[in-house]
Amino acid sequence: MNLILLGPPGAGKGTQARRLEDTRGLVQLSTGDMLRAMVAEGGPLGQQAKEIMAAGKLMPDELMVSMIAERISKPDVKNGFILDGFPRTVAQAEALDKMLEEKGLKLDHVIEMRVVDDVLVERITGRYTCAKCGKGYHDSFEKPKVEGVCDVCGSTEFKRRADDNAETVTTRLAQYHQQTAPILPYYQGRGVLKAVDGMADIDEVTKEIEAVLAS
Ligand code: AP5
Ligand code: MG
């Protein structure tokens with residue numbers, strides 16, 4: 001099964017994609033994670049990505065399309081994938097269609113995760129992850145069981161994303177409404193779009209997504 005989780009920053013795409021990886025054996029393809037890995041490696045492209053992401057703007061379409069084209073060619077995506085953060089523009093959606101057609105792959109579901117902007121700001125500014133294993137947490141909504149200790153690996157070191165501040169979030173939300181939301185009618189017209197209530201609690205959202213996948 002191949003699907004796209006589509007939604008504004010902080011909608012819960014990463015949270016739900018990781019759950020689907022565990023329960024359904026699908027591979028999460030997160031362009032944000034790929035870009036952060038590129039930034040960590042350094043080099044001129046990494047430096048460009050660092051600046052654009054810190055400003056909350058979008059990376060150029062050609063770069064993102066070639067990044068996904070390369071990733072989608074790897075053997076592990078054969079059992080199914082979850083796109084998280086891609087496509088983000090109509091041009092990227094069109095390029096994805098072409099790419100999938102060439103590879104004989106089909107898109108089964110596009111799931112829109114709906115959350116209002118005010119809630120997104122609260123979610124993003126409170127988010128952090130374990131520096132060792134990457135498990136995600138939130139200051140209010142998802143705290144470790146023992147304060148300051150990762151539930152999964154026991155590490156006591158945590159980190160926050162450079163773009164998770166109130167100022168950058170405003171730009172990221174504006175980019176979503178201007179550049180990414182126009183993808184919704186594109187997929188609606190193709191009959192693959194379904195929406196879930198991303199405002200519900202995390203387990204409830206998972207159930208709603210499972211219901212879409214079973215439909
Ligand atoms: P990216 O990494 O994709 O970030 P994003 O789209 O802004 O989304 P986030 O990762 O912030 O949110 P999420 O939906 O994954 O939410 P999460 O599950 O963490 O992109 C970063 C940047 O890279 C972009 O700004 C751009 O510059 C660049 N980029 C990436 N892809 C690109 C592309 N294709 N083209 C061009 N540029 C690109 O949840 C958020 C928090 O809320 C967590 O703390 C979580 O615990 C909590 N939470 C989740 N669900 C719930 C719930 N139901 N109730 C309560 N809390 C919840
Ligand atoms: Mg994410």
Check your understanding: Is Glu122 paired with Arg127 through a side-chain N to carboxylate O contact shorter than 4.0 Å?
Key -> no
Point to revise | Short side-chain to backbone donor-acceptor contact, Asn2 and Phe81, under 3.5 Å | key: yes
Point to revise | Close side-chain approach of Arg18 to Thr15, heavy-atom, < 4.5 Å | key: yes
Study note, to complete from the structure: Tightest non-hydrogen contact, residues Leu6 and Pro87, listed as CD1-O, 3.7 Å
Point to revise | Arg123 with Asp139: basic N within carboxylate O range, under 4.0 Å | key: no
**Study point:** Name of the residue among Leu96, Ile82, Ile111, Asp108 meeting side-chain contact (heavy atoms from CB on, under 4.5 Å) with Ile4
**Key:** Leu96
Check your understanding: Does a donor on one side chain and an acceptor on the other come within less than 3.5 Å for Arg19 and Thr206?
Key -> yes
Point to revise | Short side-chain to backbone donor-acceptor contact, Thr180 and Arg88, under 3.5 Å | key: yes
Practice item. Treating Ile, Leu, Val, Met, Phe, Trp and Tyr as nodes and any side-chain heavy-atom pair under 4.5 angstrom as an edge, say whether Met199 and Val196 lie in one connected cluster. Key: no
Review point. Could you state the interatomic distance from CD1 (Ile124) to CZ (Arg160), rounded to the nearest 0.5 Å?
Key: 12.5 Å
**Study point:** For the student: nearest non-hydrogen atoms of Ser215 and Lys194, plus distance
**Key:** OG-NZ, 3.4 Å
**Study point:** Arg24 side, atom CZ; Leu3 side, atom CG - distance, nearest 0.5 Å
**Key:** 8.5 Å
Check your understanding: Considering residues, nucleotides and ligands other than Lys57, do more than 12 of their heavy atoms fall under 6.0 Å from its NZ?
Key -> no
Review point. Do Val77 and Met64 share a hydrophobic cluster (ILVMFWY, side-chain heavy atoms under 4.5 Å, transitive)?
Key: yes
Practice item. Identify the two heavy atoms, one from Ala69 and one from Met99, that lie closest to each other, and give their separation to 0.1 Å. Key: CA-SD, 3.6 Å
Check your understanding: Is Arg114 salt-bridged to Glu112, cutoff N-O under 4.0 Å?
Key -> yes
Review point. Any idea which heavy atoms bring Gln28 and Glu21 closest together, and the distance?
Key: N-OE2, 2.9 Å
Point to revise | Closest approach of Thr129 to Gly136 (non-hydrogen atoms, all atoms of both residues) | key: CG2-CA, 3.8 Å
Check your understanding: What do you reckon, is NZ of Lys159 surrounded by more than 12 foreign heavy atoms closer than 6.0 Å?
Key -> no
Practice item. Supply the atom-to-atom distance Arg71 CZ to Leu83 CG, rounded to the nearest 0.5 angstrom. Key: 10.5 Å
Practice item. Taking the side chain as every heavy atom from C-beta outward, state whether Asp197 and Val205 have any pair of such atoms under 4.5 Å apart. Key: no
Practice item. May I ask whether Leu213 and Leu193 are part of the same hydrophobic cluster, defined by side-chain heavy atoms of I, L, V, M, F, W, Y residues being less than 4.5 angstrom apart, directly or through others? Key: no
Check your understanding: Measuring from Gln175:CD to Arg172:CZ, what's the distance to the nearest 0.5 Å?
Key -> 11.0 Å
Exercise for review: Test side-chain contact (heavy atoms from CB on, under 4.5 Å) on Ile68 and Met34 and set out the steps.
Suggested key: CA-CA 9 Å; Ile68 281 295; Met34 292 174 202; 4.1 Å; yes
Practice item. Would you mind reporting whether Leu173 and Val121 have side-chain heavy atoms less than 4.5 Å apart? Key: yes
Check your understanding: Would you call Gln16 and Ile202 a side-chain contact if the rule is heavy atoms closer than 4.5 Å?
Key -> yes
Point to revise | Distance in Å, Glu101 CD paired with Lys106 NZ, rounded so as to fall on 0.5 Å steps | key: 14.0 Å
Practice item. Evaluate the side-chain proximity of Ile52 to Leu58: yes if any heavy-atom separation is below 4.5 Å, no if none is. Key: no
Check your understanding: Between Leu45 and Met38, does a side-chain contact (heavy atoms from CB on, under 4.5 Å) hold up when you go through it step by step?
Key -> CA-CA 8 Å; Leu45 211 52; Met38 206 169 88; 3.7 Å; yes
Check your understanding: Are Lys78 and Asp76 within salt-bridge range, i.e. N to O under 4.0 Å?
Key -> no
Review point. Nearest heavy-atom pair of Cys133 and Val152: which atoms, and what distance?
Key: SG-CB, 3.9 Å
Review point. Quick check: does any side chain N or O of Thr168 sit under 3.5 Å from a backbone N or O of Asn165, one acting as donor and the other as acceptor?
Key: no
Practice item. Decide yes or no on side-chain contact (heavy atoms from CB on, under 4.5 Å) for Lys132 and Glu157, but give the supporting numbers first. Key: CA-CA 7 Å; Lys132 203 171 155 205; Glu157 280 183 42; over 6 Å; no
Review point. Relative to Tyr137, does Lys135 satisfy both conditions: NZ or CZ under 6.0 angstrom from the six-membered ring centre, and within 45 degrees of the ring's axis?
Key: yes
Exercise for review: Please lay out, stage by stage, how Met53 and Arg161 fare under the test side-chain contact (heavy atoms from CB on, under 4.5 Å).
Suggested key: CA-CA 10 Å; Met53 290 166 84; Arg161 268 168 52 176; over 6 Å; no
Check your understanding: Less than 4.5 Å apart, any side-chain heavy atom of Ile183 and any of Gln92?
Key -> no
**Study point:** Residue pair Pro9 / Val169, side-chain heavy-atom distance below 4.5 Å
**Key:** no
Check your understanding: Under a single-linkage definition using a 4.5 Å side-chain heavy-atom cutoff for Ile, Leu, Val, Met, Phe, Trp and Tyr, are Val27 and Leu5 assigned to the same hydrophobic cluster?
Key -> no
Exercise for review: Check the side chains of Ser30 and Lys13 for a donor-acceptor pair under 3.5 angstrom, ignoring hydrogens and angles.
Suggested key: no
Check your understanding: Just checking, any donor-acceptor pair under 3.5 angstrom between side chains of Thr89 and Asp61?
Key -> yes
Practice item. Enter the distance from Asn79:CG to Leu26:CG here, rounded to the nearest 0.5 Å. Key: 8.5 Å
Practice item. May I ask you to decide if Ala195's main-chain N or O and Glu208's side chain share a donor-acceptor pair within less than 3.5 Å? Key: no
Practice item. Could you verify whether a donor N or O on one side chain and an acceptor N or O on the other, from Asp117 and Tyr176, lie under 3.5 Å apart? Key: no
Review point. Is there side-chain contact between Val149 and Pro144, with heavy atoms separated by less than 4.5 Å?
Key: no
Point to revise | Val212 with Leu107, same ILVMFWY side-chain cluster at under 4.5 Å | key: no
